[in-house]
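One structure is given here, and the rest of the page talks about it.
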Protein chains: 2
Amino acid sequence: MTVGFAKSRRKPRPKKALTRQPRRVLSKDMIVVAALELIDRAGIESFSVRNVAKKLHVFPTAIYWHVGDRNKLLGDVLALVLRDLSSAEDAATWQDWIRALFIRYREIIRKHPNVALLIGVQLVANANVDFALIETILTRLEQAGFAGAKLVAAYNVVLGGMVGFTTHEFARVPDDNTAAWRSLVRRNIAALDSRHFPRIARHLPALTNKAFILRWQNGVDVPLDDGFAMFTEALILGLEAIAHQKVRSRR
Amino acid sequence: MTVGFAKSRRKPRPKKALTRQPRRVLSKDMIVVAALELIDRAGIESFSVRNVAKKLHVFPTAIYWHVGDRNKLLGDVLALVLRDLSSAEDAATWQDWIRALFIRYREIIRKHPNVALLIGVQLVANANVDFALIETILTRLEQAGFAGAKLVAAYNVVLGGMVGFTTHEFARVPDDNTAAWRSLVRRNIAALDSRHFPRIARHLPALTNKAFILRWQNGVDVPLDDGFAMFTEALILGLEAIAHQKVRSRR
DNA sequence: ACCTGAACACCGTTCAAGT
DNA sequence: ACCTGAACACCGTTCAAGT
């Protein structure tokens with residue numbers, strides 16, 4: 001998957017006879033790719049600078065020459081994962097475009113579920129600024145009828161919505177003592193007093209392991225497709241209604 | 001023998017002559033409270049079993065007798081913080097109730113912003129099951145007109161929406177080198193090519209530090225009130241529309 | 001310029017031992 | 001029952017040194 005190793009372009013210097021040349025066993029791209037592979041395979045918990053170094057057969061401290069620190073490395077991993085987010089196919093309506101954006105985001109997280117919580121923490125607060133994406137969102141929202149302060153609010157709604165559902169859908173489940181934990185959740189559910197909670201009791205088969213709080217697996221094993229689809233539609237329909245409110249109130 | 005431990009408050013038990021009684025300097029509640037205080041004050045990064053132990057003037061390993069492990073302790077902290085979430089004032093309409101729920105959740109996070117990302121990771125996937133809350137959500141959604149599989153989807157929409165926006169609004173900003181990072185974001189924004197990104201350029205004052213991706217402070221310092229309000233309204237209006245769709249399509 | 005290597009101040013957790 | 005205490009296998013990061 002060629003991540004663009006633009007940095008190690010090595011111009012030959014014919015004039016100068018070198019007895020020794022830099023080892024160059026490492027590059028920032030290699031490190032970031034290795035880190036992502038580690039996270040994808042073993043989860044975010046087992047990510048560490050030292051493990052990345054081990055994976056690259058290098059001393060831990062060598063990492064620090066290429067990336068600032070642990071958090072900056074995670075930021076770079078994030079940027080790599082989200083690289084293709086802004087590559088939007090064009091859509092006829094702003095509604096279609098936003099829906100496609102949400103779906104595209106979710107597909108990315110599906111491929112790299114272990115970075116989901118990273119994104120919750122970093123992307124939306126963060127600095128790997130993809131101006132093209134932001135510009136397009138604003139364009140589509142203007143198209144929808146938003147302007148001024150309402151445009152900024154709508155922008156935050158779109159970004160919050162894009163990451164909001166999916167982040168939690170793919171939130172990690174406790175370590176991997178899944179068996180023990182699964183039986184805990186099940187016991188909790190089994191101990192349910194169906195007189196006090198008749199609706200939960202009635203819908204238990206549909207809820208068990210398929211609804212937030214009542215599940216022991218995350219989106220990797222049990223995708224919440226219906227919930228995601230309704231969430232997306234609800235938000236779009238809601239923005240539509242609010243945009244029209246604005247238009248009306250201006251007349 | 002009676003070991004003279006200064007700490008052991010010693011209730012006299014007249015009926016039973018004890019030669020020795022348990023020290024009881026610790027309790028699970030004390031540990032959870034101490035952990036929350038630590039997180040509130042110093043952030044989630046500086047939370048550790050060892051620091052909690054230090055705060056309680058106790059050996060790190062003493063913690064393990066009361067709580068299973070680090071993650072279970074964090075789960076308990078979460079349960080403590082969210083204790084009051086289900087204590088809902090009654091509302092006339094299901095729309096009002098959901099709006100109040102979202103607001104109540106956000107107020108809780110406002111008070112304990114450093115646990116926001118914890119919740120993203122744990123609550124929605126997790127086992128501190130508050131059946132009363134779940135039952136009420138289902139009740140209100142039935143009231144809204146949802147039933148069957150659509151009810152489960154709507155439930156997931158509500159829970160995902162409740163945590164989705166706020167989690168990211170209060171997502172932590174990188175460590176606390178805020179000064180350096182702030183200037184980084186600003187430099188990125190300053191380097192913006194306003195011909196390619198005219199809308200960003202035009203709305204820059206309204207966006208800078210007030211919009212996801214383009215901010216260097218989180219909801220603690222810069223609450224996204226307008227975004228949150230619009231997000232909530234959009235989701236409610238959207239659910240309303242979808243519920244009516246269902247009713248219509250059944251006729 | 002790029003990496004090795006030692007060192008420091010931390011972690012979570014287990015296990016044995018005390019009382 | 002509840003805590004001490006030592007021990008183990010980890011961390012992130014700094015700094016000096018090699019080449």
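In the text below, chain A, chain B and the rest are named by the order of the sequence lines, each starting its count at 1. Source: prediction; values computed, not measured.
With DNA chain C read from its 5' end, the first of the two nearest nucleotides for A:W65 and B:R70 is the one closest to A:W65.
Residue A:V25 places its side chain closer to C:dC3 than to any other of D:dT4, D:dG12, C:dC3.
Note that the CZ atom of B:F131 and the OG1 atom of B:T136 stand 13.0 Å from one another [nearest 0.5 Å].
Pairs of Watson-Crick or G-U wobble type, with distances under 3.5 Å, assemble into runs of 3 or more in DNA chain C at these ranges: C:4-8 with D:12-16, C:12-16 with D:4-8.
For A:H66 and C:dC3, the shortest distance from a side-chain N or O to OP1 or OP2 is below 4.0 Å. Within the structure, every side-chain polar atom (N or O) of B:T61 is placed at least 4.0 Å from both OP1 and OP2 of D:dT4. Side-chain nitrogen and oxygen atoms of B:N51 include at least one within less than 4.0 Å of the OP1 or OP2 phosphate oxygen of C:dC11.
Between B:F165 and B:Y105, the ring center distance fails the sub-6.0 Å criterion.
Rounded to whole angstrom, the span from the CG atom of B:D69 across to the P atom of C:dC15 amounts to 14 Å. Atom CG of A:N71 and atom C1' of D:dT13 are 12 Å apart (whole Å). If you take NE2 of B:H57 and C1' of D:dC3, they are 16 Å apart, rounded to a whole angstrom. Across the protein-nucleic acid pair, A:I63 atom CD1 and C:dC2 atom P stand 14 Å apart, rounded to whole Å. Atom P of nucleotide D:dT14 and atom OH of A:Y64 are separated by 7 Å, given to the nearest angstrom. Summarising the geometry, the separation between CZ on A:F59 and C1' on D:dT19 is reported as 15 Å, rounded to the nearest angstrom. Taking atom NZ on B:K72 and atom C1' on C:dG12, their separation rounds to 14 Å, with Å as the unit. Here the P atom of nucleotide D:dT13 and the CD atom of B:E45 are 11 Å apart, to the nearest Å.
Without hydrogens or angle criteria, A:D76 side chain to A:V32 main chain gives no donor-acceptor distance under 3.5 Å. Side-chain atoms of A:N156 come within 3.5 Å of backbone atoms of B:K210 as a donor-acceptor pair (strictly under, hydrogens ignored).
Counting only N and O atoms by type, the side chains of B:E169 and B:N218 include no donor and acceptor under 3.5 Å apart.
Aromatic ring orientation, A:H168 versus B:H168: perpendicular (interplanar angle above 60°, classes split at 30° and 60°).
Geometrically, B:R106 engages B:F228 in a cation-pi contact, judged by NZ or CZ lying under 6.0 Å from the ring centre and within 45° of the ring axis.
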